[in-house]
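First the structure, in the form of structure tokens, and then the observations on it.
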Amino acid sequence: MSDARLTAQIEHLQDHTQQWVRDLVRSYTFEPVQLKLLILAAEAHERCSEAREQLKRDGITIKDRFDQIKRHPAVQIERDSRLSFSKLMRQLKLDLDPPEM
């Protein structure tokens with residue numbers, strides 16, 4: 001795959017995640033469907049990181065309009081994204097560290 005085509009597919013990712021994808025594409029041969037899975041894994045990793053940052057700011061609980069303590073919605077987003085990343089990496093048979101933040 002040309003670098004321009006890859007760049008177009010991953011331009012929405014953060015720079016460090018783009019570099020992680022590029023490094024993997026240089027190190028391994030991916031079929032088109034596998035590349036799509038790799039990009040989904042990168043997106044899931046970023047979503048997980050975003051949720052984690054939100055939880056750092058807000059805490060893991062919030063109060064609803066009735067002043068009742070509830071789980072912050074980002075807890076589920078973080079968990080789901082982490083699971084998605086793990087499943088996608090396992091599906092790709094890549095036992096690698098996620099991109100550095």
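Keep in mind that the numbers below use all heavy atoms, side chains included, and drop hydrogens, waters and symmetry copies. The first residue in the sequence is number 1, and the count goes up from there. These figures come from a predicted structure and were not determined experimentally.
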- prompt: What residues, two or more places apart in sequence or in another chain, satisfy side-chain contact (heavy atoms from CB on, under 4.5 Å) together with Asp23?
  reply: Gln19, Arg26
- line: Closest non-hydrogen atoms of Ala41 and Phe85, given as atom of the first, atom of the second and distance, are O-CD1, 3.1 Å
- prompt: Any Lys/Arg nitrogen of Asp80 or Arg47 sitting under 4.0 Å from an Asp/Glu carboxylate oxygen of the other?
  reply: no
- request: Please answer: with hydrophobic residues joined when any side-chain heavy atoms are less than 4.5 Å apart, are Leu83 and Leu88 in the same cluster?
  value: no
- request: Please examine the side chains of Phe30 and Val21, heavy atoms only from C-beta on, and report whether any two atoms are closer than 4.5 Å.
  value: no
field: Shared hydrophobic cluster for Ile60 and Ile62 (ILVMFWY, side-chain gaps under 4.5 Å)
entry: no
For Asp67, salt bridge (charged side-chain N to carboxylate O under 4.0 Å, His left out) partners two or more places apart: Lys63
query: Once you round to the nearest 0.5 Å, how far does CG of Leu24 lie from OG1 of Thr29?
result: 12.0 Å
task: Keeping the roles fixed (side chain from Gln34, backbone from Glu31), state whether a donor-acceptor pair exists under 3.5 Å.
output: yes
- prompt: Are any non-hydrogen side-chain atoms of Leu37 and Met89 less than 4.5 angstrom apart?
  reply: no
query: Would you say the side chain of His45 lies within less than 4.5 Å of the side chain of Thr17, judging by non-hydrogen atoms?
result: no
- prompt: Side chains of Gln54 and His72: does their closest heavy-atom pair fall under 4.5 Å?
  reply: yes
Note, Thr61 side chain near Lys70 side chain (heavy atom, < 4.5 Å): no
query: How far does CG of Leu38 sit from OH of Tyr28, to the nearest 0.5 angstrom?
result: 11.0 Å
task: Could you check if a side-chain atom of Arg52 sits within less than 4.5 angstrom of a side-chain atom of Arg82, using non-hydrogen atoms only?
output: yes
message: Counting C-beta onward and ignoring hydrogens, is there a side-chain heavy-atom pair between Glu43 and Leu13 closer than 4.5 Å?
response: yes
- prompt: Mind checking whether Arg22 and Asp3 have side chains closer than 4.5 Å, heavy atoms only?
  reply: yes
